[in-house]
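Every chain is numbered from 1, with letters handed out A, B, ... down the list of sequences.
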There are 2 protein chains.
Amino acid sequence: MQIKNGFEQSVYAICLLSMLPAKSVLPGEAISNQIGASPTYFQKILRKLSDSDLIASVPGKKGGFKLKKSPSEIRIYDIFLAIEGQQALYYSNNVLGEMVPKKDKEACVLSDLMERAETSWITVLKSETISSLFTELHKEKELQDWVNQNLVQ
Amino acid sequence: MQIKNGFEQSVYAICLLSMLPAKSVLPGEAISNQIGASPTYFQKILRKLSDSDLIASVPGKKGGFKLKKSPSEIRIYDIFLAIEGQQALYYSNNVLGEMVPKKDKEACVLSDLMERAETSWITVLKSETISSLFTELHKEKELQDWVNQNLVQ
DNA sequence: GATAAACAGGATAATCATTATCCTGTTTAT
DNA sequence: ATAAACAGGATAATGATTATCCTGTTTATC
């Protein structure tokens, strides 16, 4: 069991996009290279983020990706949700339901606990945003230079 | 991303074992059938629980499994740990480390958050035990009958 | 317009983790 | 001695994740 690597990659991709000046974009291929992901695969990850309205895609020559929300409005949980989807950690296979066919009230006892745990986990992931988490990282000259060299428009 | 089905199966397997009278055991195959798992596979799951000292295995004819701890001492988290191992939810692939080679202090910012989230999740799973979670289920005549019919010794 | 560079999205392959099976060995009640 | 159970290694089947390819659409530039 493991949270997808695409999640961590997405967090840093969005972090890079948060360092973009207004009206400019970063091409998907440049992001993929910087993140160390295969470009064809990461394009699909970027589309998930785009489908979730965290980032915007600009087609055509001089196209690429940019943020759709401000870094302080993008919670780490939003990124997780975009990549992994809802009820991601635990999903009951209804083992008890097979053992005791009639009772389905009881069947939820474990699910209830797992849901409470997941809610608690989610609360922590909602407590930080891209801007709150990466204030220090934004000061990294190396990264900012890379962004400036690879942005378009 | 998904917590293994073996976890849910283990919880109910241990619940069954908690309904055993003293000095008796349940054969692995009977448990597997009741849980709806493949016997050869579930034997290995049972061994994991045994390795973690949650259950004890009795070899030989009239052998089987029984609890090694009392139901009130077996936390749901203990079962999770036995099946999934430590740091199970999130593991960093050090994406940032590849982007900014020198800084490895900063590299932990996301990991720190994910760890806090996991800790919070674990806290909930530590808050319930087999006995606290399944008080109602133990009253199920159907289940108790099945246990009595399948126990050995 | 034609071209080039970028995203959209479907189909499909490669890789890896989980689940399942098989087989040999050891233990113990009868 | 035999039968029924667990221990544990090797290996196959399955399913999810990651990766590639190809066709189509958009848009800046010539």
Please give me the minimum heavy-atom distance between B:Leu151 and B:Pro21, naming the atom from each residue. CD2-CD, 3.5 Å

Walk along DNA chain D from 5' to 3' and tell me the first and last nucleotide with an atom closer than 4.0 Å to a non-hydrogen atom of chain B. D:dA3 to D:dT17

Identify the two heavy atoms, one from A:Lys23 and one from A:Gln153, that lie closest to each other, and give their separation to 0.1 Å. O-OE1, 2.9 Å

Flag side-chain contact, heavy atom, 4.5 Å: A:Ser52 against A:Asp78: no

Fill in the dot-bracket string of DNA chain D, one character per base: . for unpaired, | for a pair to another strand, ( ) or [ ] for pairs within the strand, taking Watson-Crick or G-U pairs under 3.5 Å. ||||||||||||||||||||||||||||||

Apart from B:Val58 itself, what residues make up its hydrophobic cluster when side-chain heavy atoms of I, L, V, M, F, W and Y under 4.5 Å apart count as a link, directly or indirectly? B:Val25, B:Val152

Among residues 56-70 of chain A, which ones have heavy-atom contacts with DNA chain C below 4.0 Å? A:Ser57, A:Val58, A:Pro59, A:Gly60, A:Lys61, A:Gly63, A:Gly64, A:Phe65

Would you please name every residue forming a salt bridge (Lys or Arg N to Asp or Glu O under 4.0 Å) with A:Arg47, sequence neighbours left out? none

With A:Asp51, which residues qualify under salt bridge (Lys or Arg N to Asp or Glu O under 4.0 Å), at least two apart? none

Under a 3.5 Å distance rule, please check whether B:Ser50 uses its side chain to pair with a backbone N or O of B:Leu46 as donor and acceptor. no

Contacting residues from residues 26-51 of chain B, given that a heavy atom lies under 4.0 angstrom of DNA chain D: B:Pro27, B:Gly28, B:Gln43, B:Lys44, B:Arg47

Any side-chain heavy atom of B:Leu137 within less than 4.5 Å of one from B:Cys15? yes

Could you name each residue pair satisfying ring-ring contact (aromatic ring centres under 6.0 Å, His included) that touches residues 47-89 of chain B, not counting sequence neighbours? B:Phe7-B:Phe80, B:Phe80-B:Trp121

Shortest non-hydrogen contact between B:Lys66 and B:Ser24, atoms and distance: CB-O, 3.7 Å

Using a 3.5 Å distance criterion without hydrogens, assess whether the side chain of B:Glu140 forms a donor-acceptor pair with backbone atoms of A:Val100. no

When you look at A:Ser92 and B:Glu8, which way does the side-chain hydrogen bond (donor to acceptor under 3.5 Å, both in side chains) test go after all the steps? CA-CA 7 Å; A:Ser92 167; B:Glu8 183 180 359; 3.1 Å; yes

Please find the pair of heavy atoms, one from B:Ser132 and one from B:Thr135, that lie closest to each other, and give the distance. O-OG1, 4.1 Å

Can you give me the closest heavy-atom contact between A:Ala13 and A:Ile31, atom names plus distance? CB-CG2, 3.8 Å

Sorted by first residue and then second, give each salt bridge (charged side-chain N to carboxylate O under 4.0 Å, His left out) pair with at least one member in residues 109-123 of chain B; sequence neighbours left out. A:Glu128-B:Arg116

Under a 4.0 Å heavy-atom cutoff, the residues of residues 144-153 of chain A touching DNA chain D are none

Show me the protein contacts with nucleotides 13-15 of chain C, counting only N or O atoms at under 3.5 Å.
none

Under the salt bridge (Lys or Arg N to Asp or Glu O under 4.0 Å) test, which residues partner B:Asp53, sequence neighbours left out? B:Lys68

Looking at every heavy atom in both A:Ile83 and A:Ser10, which two are closest together, and how far apart are they? CD1-OG, 3.2 Å

